[in-house]
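For reference, the structure discussed in these notes is given below.
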Amino acid sequence: MAKENRQLLQGNAACVQGALYAGMRFFAGYPITPSTEIAEGSARELPKLGGKFIQMEDELGSIAAIIGASVSGAKAMTGTSGPGYSLMLENIGYAFMTEVPVVVVNVQRGGPSTGLPTKVSQSDTMQARWGTHGDYSSITVAPSTVGDTLTETIRAFNLAERFRTPVTILLDEVIAHSREIIRIPEPGEYEVIDRVKPTCPPEEYLPYEITENYVTPMPAYGEGYRYHITGLTHDQHGFPTNKPSEIIVKLDKLKKKIENYKDEITKIRVEMMDDAEIAIISYGSVSRAALQATMLAREAGVKVGCIQLYTIWPFPEKELLELCGKCQKVIVGELNMGQIVHEVERILPRDISINTIQRYDGEILTPVQILEKLEEVL
Amino acid sequence: MSASNDAAGKETTKPAARKSKYDYSKGPAPLNINLSWCKACNICISLCPQHVFEPDQDGKPTLARPDNCTQCTICWIYCPDFAITSNYK
Amino acid sequence: MATVTEKKAPKQKSDVTLHYLRPGKKFPNVWCPGCGIGIVMGAYIRALDKLGWDRNKVAMVSGIGCSSRMPVYLDFHALHTTHGRALPFATGVKFNRPDMNVVVITGDGDALAIGGNHFIHACRRNINITVILINNNIYGMTGGQGSPTTPSHSYSTTTPYGNAEKHFDPCTLAKAAGATFVARGTVANVPQLEKLASQALQHHGFSLLEVVTNCHTYYGRLNRMGDAVTMIQKFKEDAVMLGKAKKMTPEELEGKFIVGVLHEEEKTEFCDVYDQVVEHVSPK
């Protein structure tokens, strides 16, 4: 049996490993705590694979550069934190409109503004969904361990390539800076998806054609398909349009290509929910404490289960409704003053009491705190 | 010096037209003007050193004195809308 | 509205521009009658045509503004990006694909105001990108506001009492920041503009070609400078070749602008140096 490739890695380093595994060969970034190790790791590893790393003059340049790299044919990523992600939003919106696959890692820290650069938080969750202006659907994934970070980064790239869209990975300072021994997967062990290429002759190619699954094949530069990409709302040729009928077609395309395929995007982890009367809903680093609390409470005979959201956006409404429909109570655990709890309130029936346990003082939620909340709510 | 008016009717004194070495009676007209692309910006009319053009009622150029055209290229290299092409160059 | 559908082989030099127009795109272009941007587009295409570049190897990147609407009209890879960000987008394209010829089309507001930070860093890196900066001293697309090149005391919709700010010269700025080819042309001298465009496109490193261009719709009107023809003729009078300018006194140069190749040097190019790094590092 071949010796397993086990390494003691930091969360940020695992993110880089996942990206390289998924085929990332271009990284542009800008230093910002607590994400900088992602840039440093990319700067070291990419040249070894013939890839390219560039430190841009700011986050605006970083997101622009990876979109430029992606349209010309590369799988590209950038890593940042709250303040940088805020600066990137206009061009993330550009990638939505032009349907360009890129991966943006937001290692969350205390906010708003400069906030708590070295402290944990999950207060950018809604920003990942609604951050940039206009109507669009967005995909956001959230690992909770160093090992998850590697596999969720692979998944993020696959989702970006499959749906021709920017994907945000929500990390936080705890996961990013924790070190754990993880196994690096073998090549071929995880599926790696690449963008679909056009096969029609260039003269017939419609760069934004409304296809059956609303995702249009995307060539690289230099392959004979010379088309126009613009942030202006455009028709299927990619030419700017002000025609109401064409505007609706474009905006519906951006939404349907994701909302109609949520089954391919949603990923949640469900533990001990079969007979659960109370469910703990969480994501990211809170999920580890939630799982621990659930196991301890079960030992004390409490019928509790927990649900971890690996995919936060699009929000897994169907799954949560099925799982929590039969519970009397839910507890939503977050490291913010309440963000996805509003989604839970929106979708669960009124008769289920929705409780929250929130921590926004820069420290992580502990299993004991969650247990105390459980006792209070029971 | 021969006086000619440009589109704005201003009196402009331009050097007299040189004799063109092209004989357009045997071949096609010196230039083609795409009136649907032309925006009557008056650049070709004003810059033409040989007073080939006169503005029509929309201000768009007409080949009023085609024989003067020496194929100097000024009109079509300065046209912002690529509305002029030559049959000789 | 005629659209260019069939691809005519260029019989004549005067047809060359038509050969590069994007099939299916409606013409005439969106610019005001007499706008110099169209003149720059023609000169640029003819220069590029002479170089015989494969159009599959040309990527045009632009930001937001009147000049940035150019790539949609041309049959190359076209990337019409966000305001001020053409250069970092282009950096991503070029750095990922050094085999592509990357040309940025931008304006004085797009490149020097909101895009200023990216502009100086792209110069500093000396990345092999050609920037055609169409300078009409005003924000045209948004209706006539002052820009970083709007001369002091002149009028715009946001400097209704005369511009209290000083303007900077994109060429001296680019040279100071590290650009290795800097030239200025004007729509009033197209033959020279074609030559400068050709030199800029061929230069290996960051090349800036500033083109003094008329915006009679806003800058010209607000400053009583007459129509397109009048502005273009004034440019012809005010343009001074570099050689001659060196022998002129500051007073004589007042109100004039210097045209020609203002700076040219060979320095290692960003993508080349990085490729050497990759060569050295990646195992054979």
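Naming convention: chains lettered A, B, ... in sequence-line order (proteins, then strands); numbering from 1 in each chain.
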Test your reading of the model: is there a side-chain donor-acceptor pair from R226(A) to the backbone of R22(C), 3.5 Å cut-off?
no
Do P88(C) and M56(A) have side chains that approach each other closer than 4.5 Å (heavy atoms only, starting at C-beta)?
yes
I need the minimum non-hydrogen distance between N96(C) and A74(A), along with the two atoms involved.
OD1-CB, 3.3 Å
Pair count under 4.5 Å, heavy atoms only, with chain A: among H118(C), R69(C), R124(C), H121(C), highest is H118(C)
Let me confirm one number: the NE2-CD distance from H83(C) to E90(A), rounded to the nearest 0.5 Å.
9.5 Å
Geometric cation-pi criterion, K52(A) with Y274(C): 6.0 Å, 45°
no
When rounded to the nearest 0.5 angstrom, what is the spacing between OH in Y227(A) and NE2 in H77(C)?
9.0 Å
Could you look at I54(A) and say if it's the side chain, the backbone, both or neither that has a heavy atom under 4.5 Å from chain C?
both
Tell me, out of T91(C), V58(C), V72(C), D99(C), who's got the most heavy-atom pairs with chain A below 4.5 Å.
V72(C)
Proximity breakdown for A28(A) and chain C, heavy-atom pairs closer than 4.5 Å:
neither
Hey, could you give me the CD1/CZ distance between I63(A) and F89(C), rounded to the nearest 0.5 Å?
7.5 Å
Minimal heavy-atom distance between M100(C) and G222(A), with the atoms involved, is SD-N, 4.4 Å
Y225(A), Y94(A), F26(A): which one forms the most heavy-atom pairs within less than 4.5 Å of chain C?
Y94(A)
Counting heavy atoms not belonging to D54(C), are there more than 12 under 6.0 Å from its CG?
yes
Greater than 12 external heavy atoms within 6.0 Å of K175(C)'s NZ
no
Top contributor to chain A interface from R97(C), H80(C), R85(C), M60(C) [non-hydrogen pairs under 4.5 Å]:
H80(C)
pair Y221(A)-L79(C): side-chain heavy atoms closer than 4.5 Å:
yes
Proximity breakdown for F76(C) and chain A, heavy-atom pairs closer than 4.5 Å
backbone
Shortest non-hydrogen separation from N56(C) to G224(A) and the atoms involved:
OD1-CA, 3.2 Å
Would you give the length of the straight line joining atom CD1 of I67(A) to atom OG1 of T81(C), rounded to the nearest 0.5 angstrom?
9.0 Å
Honestly, the part of F53(A) sitting under 4.5 Å from a heavy atom of chain C is both
Would you mind reporting whether D58(A) and N117(C) have side-chain heavy atoms less than 4.5 Å apart?
yes
Between D275(C) and chain A, with a heavy-atom cut-off of 4.5 Å, which part of the residue counts as in contact: side chain, backbone, both or neither?
side chain
